[in-house]
Amino acid sequence: MTDNDHNSHTPIDPDMRPNFDAMPNVAMMDTSHVDKDQPPFVLVDGSYYLFRTYHALPKTMANTQGLTTNAIRGTLNALLKVMRRYHPTHMAVCFDTKSPTFRHAMSSDYKAARPPMDPELVEQIPYIHHLVAALGIPLLRIEGAEADDIIGTLAYRAVEQGHHVVISTGDKDMMQLVNDCVILEDSFTGKVTDSQAVVDKFGIEPSQMIDFLTLMGDSSDGIKGVPGIGKKTAKDLLNKYGNIETMLENVAEIKGRAGKNLVEYADDIPFNAQLATIVTDLAVGHDWSDLKINTDPCAHIEKLRALYTELEFKNELASLDHPNHPANGSQSVADSQADAESQAQVAKSLQSSKIENIKDSKRHDKAWHTVLDEPAFESLLKQLTTAAHFVIDTETTSMYWREAELVGLSFAVKAHEAYYVPLTHRLEDDELTTKQLDRDTVLAKLKPILQNPNIGKIGQHLKYDAHVLSHYDIDLLGSIHSSPNNWAMDTMLASYVINAAITRHGMDDLARHYLQTQTISFEDVAGKGAKQVSFDQVAIDIASDYACEDADITYQLFDIFRQKLAENDTNFRLLHELEIPTAQILCQMEAQGILIKRSFLNELSKRFDEEIIALEAQAHELAGETFNLGSPKQLGEMLFEKLGVAGGKKTKSGQYSTSEAVLSKIDHPLVDITLEYRGLSKLKSTYTDALDNVADAETDRVHTSYHQALTSTGRLSSTDPNLQNIPIRTATGRLIRQAFIAPKGRVILAADYSQIELRLMAHFSGDKNLTRAFNEGLDIHAATAAEVLGKEVTDVTATERRNAKAINFGLLYGMSAFGLAKQLQMSRGEAQDYIDMYFERYPGVKEYMMNTRASAHEKGYVETILGRKLYTPDINHSNRMVKQGAERAAINAPLQGSAADLIKLAMIAVDKVLPKTQAKMLLQVHDELVFEVDSDKVDEVSQLITEAMQNVLTDTAVEKGWQVSFAVPLLVETDSGKNWDEAH
DNA sequence: GTTGGTACCTA
DNA sequence: GTAGGTACCAACG
């Protein structure tokens, strides 16, 4: 590749020393004439982002040609971010060149400490240059000049001509250029620096920055500084004397090593000052019109396309063709799923160029505070009391809510400002621990605020914080609701509702994706692996940064999501009327837990163990030697090599497969033993032993955790332990279910939606035959068999019904003849014939599947019954297998996702009618809800639950603003008994 | 001590 | 053929 000649520049002679005496000083400029109503002039320090993102982002980001792309992506994202934020009309991206500059000529030490650039970075540089050009942004590289000096010069000229300026960089040296109309922004971290921020950070004015650097030196730039003068002394001296000149005039009164060395090294000071000074009067041959961004979307789109193709930036590439694709709303640095804003979109936002954020460009740097005394806490309380809404985050000793103890609390009332209230940090040698406020006093004062429904609470994964605070008798979630001026929001759920697939929804992921910011990780502050300590062992000043960042980031995410939700009423309602109420209910269910019968589980464990030992002995007997029956590898070798059994198949890793599908076709005693052994060890290790281990020692209750923002379809998942996969298919497995019981005087009641996904298929497809079968209340699988085979329902045999059931499930899963053949143990041709016959009888279903597939291809998403958009990122994947997989998922997603929507509505509906009955909702298993009910109220409660569940679409959904006219009835089946097995 | 592969439990 | 979680082994650092 060659560098573009969009900008050609006269080289600067490195031997020509700038005239420092006459150099204009940006920080001291008069700025009264500057017009801040125009968009700012944006100057990007390209070299900074190159290095920063190359080292900060994983080197594993690469295309299939082996080209590392992390710096390309990182720099591109930084560029797009700053453009999106300020909508500039004029801009320049500046890079260093390899050639020496006047600073090298001045000092052999200058940047001599820098190791040579990695080849993996070098090869990325031309791509970045070309991307900048293809985006229509002026690119400046001048032989003999550094990016800093080009930026300094252009910043000076811009202000002189009445423009205000944003310099996009993370280099602190640039702070010398800051004034009322020039700010810095690090577009990688999002940090903004104005003059106040410089004062906050170093205690000096931007105009003193050169002197500051001169005195304390900068090892990375090879500036030596004055020995004995560091950050603190330099600050104190500058505050006293204003500048180095005055300082030297009064050097006699400066005591100690600093004074002595100032005299001794006085001769070096002018030289160091020159190295530290950014040149502002470089002979850059550009006038204002050269620095205009080319906003014509067509001008460079083919160049962009070629670049994205070569780099394999697939989403960015796709976005060129689908400029309005909904997945394009935001940027990600590291997430390969992320979409970059297309050229067309950049152009669009530039054209709309309303300067959204004059305030932004004047904003102070984020201010993070640690609250360690009464006045500070009282002032925080006052802010929280008068706020419409605020961010709260708890820091605790454990990520498991059940064992978590509160360590501190952080708050944010606006972006870039946060407070941390440490409470129970216990690190020895940390003198701040003694200054902590008393936990109970703090909580007592916060309680009325946290429980006040008129003050909105914002948080990331609030269910967790609610659990923690409930241990201290504070009900955080109980009264959460939003009104236009008073927001409640869980940013995790907001992100999930807006787009479940584009990123994961942990805070680090959200910060990376939506804010292009790498957060301080928990491992950074607490260590990792065995050496990790709990948060109360983290030093308070470090903990405070971490906690404040969490609150701050959450507030910034809130700002983004608030805007996105305001533009999309469906997503707004999904969050506030569905997900947040669901979270509140899940919180109660998790806290409630389900009672287990320990003795029974222990007995089962013992029994299973005996049988397992016996089976193992038999296996070793048959094999003639001992081996690990639980190792698929050893078993495969034993069976297919040593014993010479036929029928061995290999997995893709070259091992023998010993899956049930393979083994069940083999007639050999060792196979039977193996399958039984596996069944029992699965039950013992995953269920009987595990449940006993996790049950609460005092109450014998098991408390699962539901993940509400994990699945691609809107379903919940359950962990620690997973109570959504308790065995039911085999008699032995059902023994486990019998261990889930109700306390004395109560019973377990289970209510499940019958055939909900097939009913949804009937609804979505409108197929006459399928709809009729449900409306007539037929056995749906038998009805399918009768329909396809052209006989009466009463004449359908068990095998025919079984086959029909398989095809019905196949439908829900995006069926292929291949898959159906495998399931039914028939040839592909037979399976295809069967499918063809099915579609002939159910043409509406066939049409639905085709339409869904087509629509997913076109839009990039499918929708559930409540309008939740489920994105299908791989739907146009170049790999055929991947694409077909995405198509099957796209067919299944509206069905599975709608069922998930409905049961969430059902939980909300049921939760409303339960309180007067003393019944408690305990578990959700996708289409089933499990309750604990007083024995004498079973009929009454069962009736209430059934009605609530069956009528969700006519009652609850309508109440919450959804209008769905459902094509078939929703049927709920309930049963009860002294354990979960009996209730099912 | 972490990670990928295999197997198997659910709707 | 869809969507999940957990346990175990074996290899890797």
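Owing to the predicted nature of the structure, the values given are computational and were not obtained by experimental measurement. All chains are named by letter (A, B, ...) in the order of the sequence lines, taking the proteins before the strands, and each is independently numbered beginning at 1.
Contacts of Phe740(A) classified as ring pair (Phe, Tyr, Trp, His ring centres under 6.0 Å), with partners at least two apart in sequence or in another chain: Trp980(A).
Distance Leu735(A) CG to dC9(B) P: 14 Å, rounded to the nearest Å. Distance NE2 (His984(A)) to C1' (dA11(B)): 9 Å, rounded to an integer number of Å. Atom P of nucleotide dA3(C) and atom CD1 of Ile756(A) are separated by 19 Å, given to the nearest angstrom. One can place CD of Gln924(A) at 10 Å from C1' of dA11(B), the figure rounded to the nearest angstrom. In this structure, CG of Leu710(A) is placed 18 Å from P of dT2(C), rounded to the nearest angstrom. Here dC8(C) presents its P atom at 17 Å from CG of Leu635(A), a figure rounded to the nearest Å. In this structure, Asn722(A) places its CG atom 12 Å from C1' of dC8(B), rounding to the nearest Å. The distance from atom CE of Met761(A) to atom P of dT2(C) is 14 Å, rounded to the nearest whole Å.
Under the 4.5 Å side-chain criterion, counting only non-hydrogen atoms from C-beta, Met949(A) is in contact with Leu929(A). Between Leu578(A) and Leu905(A), the closest side-chain pair of non-hydrogen atoms falls below 4.5 Å.
The Asn725(A) side chain lies nearest to dC9(B) when the options are dT6(C), dC9(B), dG1(C). Closest to the Met815(A) side chain, of the nucleotides dC9(C), dG1(C), dA7(C), is dG1(C). Set against dC9(C), dT6(C), dC8(C), the side chain of Thr719(A) has dT6(C) as its closest nucleotide. When the nucleotides dA3(C), dT10(B), dC9(C) are ranked by their closest atom to the side chain of Arg729(A), dT10(B) comes out on top. Across dA7(B), dT6(C), dG1(C), the shortest atom-to-atom separation from the side chain of Thr686(A) is found for dT6(C). Of the candidate nucleotides dT2(C), dT10(B), dA7(C), dT10(B) has the atom nearest to the side chain of Pro727(A). When distances run from any side-chain atom of Lys633(A) to the nucleotides dA11(C), dA3(C), dC8(C), the shortest one goes to dA11(C). Distances were taken from every side-chain heavy atom of Ser653(A) (C-beta onward) to each of dA7(C), dG5(B), dT10(B); the shortest belongs to dG5(B).
Relative orientation of the Tyr813(A) and Phe809(A) rings is tilted, given thresholds of 30° and 60° on the angle between their planes. A parallel orientation is assigned to the rings of His467(A) and Trp401(A), their planes being inclined by less than 30° (bins at 30° and 60°).
Within residues 655-672 of chain A, the residues that have a heavy atom under 4.0 Å from DNA chain B are, in order of number, Ser657(A), Thr658(A), Ser659(A), Glu660(A).
Ile728(A) comes within contact range of the sugar-phosphate backbone alone, with a heavy-atom separation under 4.0 Å but no base atom that close. The residue Phe818(A) sits close only to the backbone: its heavy atoms come under 4.0 Å of sugar-phosphate atoms, none of a base. Using a 4.0 Å heavy-atom criterion, one finds that Ile726(A) contacts the sugar-phosphate atoms exclusively. Nucleic acid contact class of Asp689(A) (heavy atoms, under 4.0 Å, all strands): none. Nucleic acid contact class of Arg888(A) (heavy atoms, under 4.0 Å, all strands): sugar-phosphate only.
Looking at Lys682(A), its side chain comes within 3.5 Å of the base of dC8(B) through a donor and an acceptor atom. The base of dT10(B) lies outside donor-acceptor range of the side chain of Gln724(A), with no N or O pair under 3.5 Å.
With Tyr706(A) contributing its side chain and Gln924(A) its backbone, the two residues share a donor-acceptor pair below 3.5 Å. Under a 3.5 Å cut-off, the side chain of Thr872(A) and the backbone N or O of Ala886(A) do not form any donor-acceptor pair.
No salt bridge links Glu660(A) with Arg678(A); every basic N to acidic carboxylate O contact stays at or beyond 4.0 Å.
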